[in-house]
Amino acid sequence: MLALQMTSMLLVFISAGILFIKNNHDPAAQALRFLIVSITQLLGYLSACLALIYTDQSWDLVLYLLGLALSVLILQTSYLVRRLK
């Protein structure tokens, strides 16, 4: 469980780095960065879920990671959409 949370934190920190390093407050550039972050996070979470499935971990862990991914993406999207307005 701790490894899943650390994986999620790593993905969040990578995403924050993509979004906020060399930020010039251009809405078009922010939208493109947001798209890159969303794709990076989705691929990261799905690859972690696939690793859990292939190593025969319990389905509770897989569903926990998918729920964690969904909650992170929803919170991040709502924050960034409000920020882009």
Problem - Check: Ser78 side chain, Leu75 main-chain N or O, donor-acceptor pair, under 3.5 Å - result: yes
Practice task
Supply the atom-to-atom distance Gln57 CD to Tyr64 OH, rounded to the nearest 0.5 angstrom.
Solution key: 14.5 Å
Problem - CG-CG distance between Leu50 and Leu65, expressed to the nearest 0.5 angstrom - result: 11.5 Å
Practice task
Kindly indicate whether the side chain of Ile74, heavy atoms from C-beta on, has any atom under 4.5 Å from the side chain of Ser71.
Solution key: no
Practice task
Measure the CE-CG distance between Met9 and Leu68 for me, rounded to the nearest 0.5 Å.
Solution key: 10.0 Å
Practice task
Could you tell me whether the side chain of Leu11 reaches within less than 4.5 Å of the side chain of Val72, counting heavy atoms only?
Solution key: no
Handout entry: side chain to side chain contact (heavy atoms under 4.5 Å, CB included) between Leu66 and Leu70, intermediate numbers included
Key = CA-CA 6 Å; Leu66 286 175; Leu70 182 64; over 6 Å; no
Could you list the donor-acceptor pairs under 3.5 angstrom formed by side chains in residues 31-48, with sequence neighbours left out?
unit_1	atom_1	unit_2	atom_2	d
Arg33	NH1	Leu19	O	3.1
Arg33	NH1	Ile21	O	3.2
Arg33	NH2	Ile21	O	3.4
Arg33	NH2	Lys22	O	2.9
Ser38	OG	Phe34	O	3.0
Thr40	OG1	Ile36	O	2.7
Gln41	OE1	Gln76	NE2	3.2
Gln41	NE2	Ser15	OG	2.8
Gln41	NE2	Gln76	OE1	2.9
Tyr45	OH	Ser8	OG	2.7
Ser47	OG	Leu43	O	3.1
Ser47	OG	Gly44	O	2.9

Exercise for the section: Begin with the C-alpha distance, continue with both residues' side-chain angles, and end with the deciding distance and a verdict on side chain to side chain contact (heavy atoms under 4.5 Å, CB included) for Leu4 and Leu52. Expected result: CA-CA 10 Å; Leu4 294 179; Leu52 288 174; 3.6 Å; yes
